[in-house]
Amino acid sequence: MNTENIMAALEIMWKGMAGIFITITVIAIFVWLLGRMGKKK
């Protein structure tokens, strides 16, 4: 196995995982804010 390929794959993987985590966090905050706005009415 080529360690350079493995390291490149790991770098791509952690960037993808970070992107997914950030996206889920932004969606969760947006849903939370919409829920708070809806409660006040």
Side-chain angles (χ1 to χ4, degrees):
M1 294 182 101
N2 189 351
T3 57
E4 289 178 20
N5 288 342
I6 293 172
M7 295 308 287
L10 286 175
E11 184 177 349
I12 293 168
M13 186 179 72
W14 82 258
K15 288 179 184 175
M17 295 293 279
I20 292 168
F21 179 75
I22 290 168
T23 302
I24 290 172
T25 303
V26 168
I27 291 171
I29 290 170
F30 186 68
V31 169
W32 177 73
L33 287 172
L34 285 176
R36 284 186 53 102
M37 288 175 161
K39 264 187 188 177
K40 292 180 181 178
K41 291 184 178 180

Worksheet item: Shared ILVMFWY cluster between Met7 and Trp14, side chains joined below 4.5 angstrom?
Response: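 No, no single cluster joins them.
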Worksheet item: Are Met17 and Ile6 in one and the same hydrophobic cluster, where Ile, Leu, Val, Met, Phe, Trp and Tyr link if side-chain heavy atoms are under 4.5 Å apart?
Response: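 Cluster IDs for Met17 and Ile6 match.
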Item to complete: Rounded to the nearest 0.5 Å, what's the gap from CD1 on Ile29 to CG on Leu34? Could you check?
Response: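 That separation rounds to 12.0 Å.
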Worksheet item: OG1 of Thr25 to CD1 of Ile20: how many Å apart, nearest 0.5 Å?
Response: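 So the gap between those two atoms works out to 11.5 Å.
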Worksheet item: Taking only residues two or more places apart in sequence or in another chain, which ones pass side chain to side chain contact (heavy atoms under 4.5 Å, CB included) with Ile22?
Response: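 If we apply the side chain to side chain contact (heavy atoms under 4.5 Å, CB included) test to Ile22, skipping adjacent residues, the hits are Val26.
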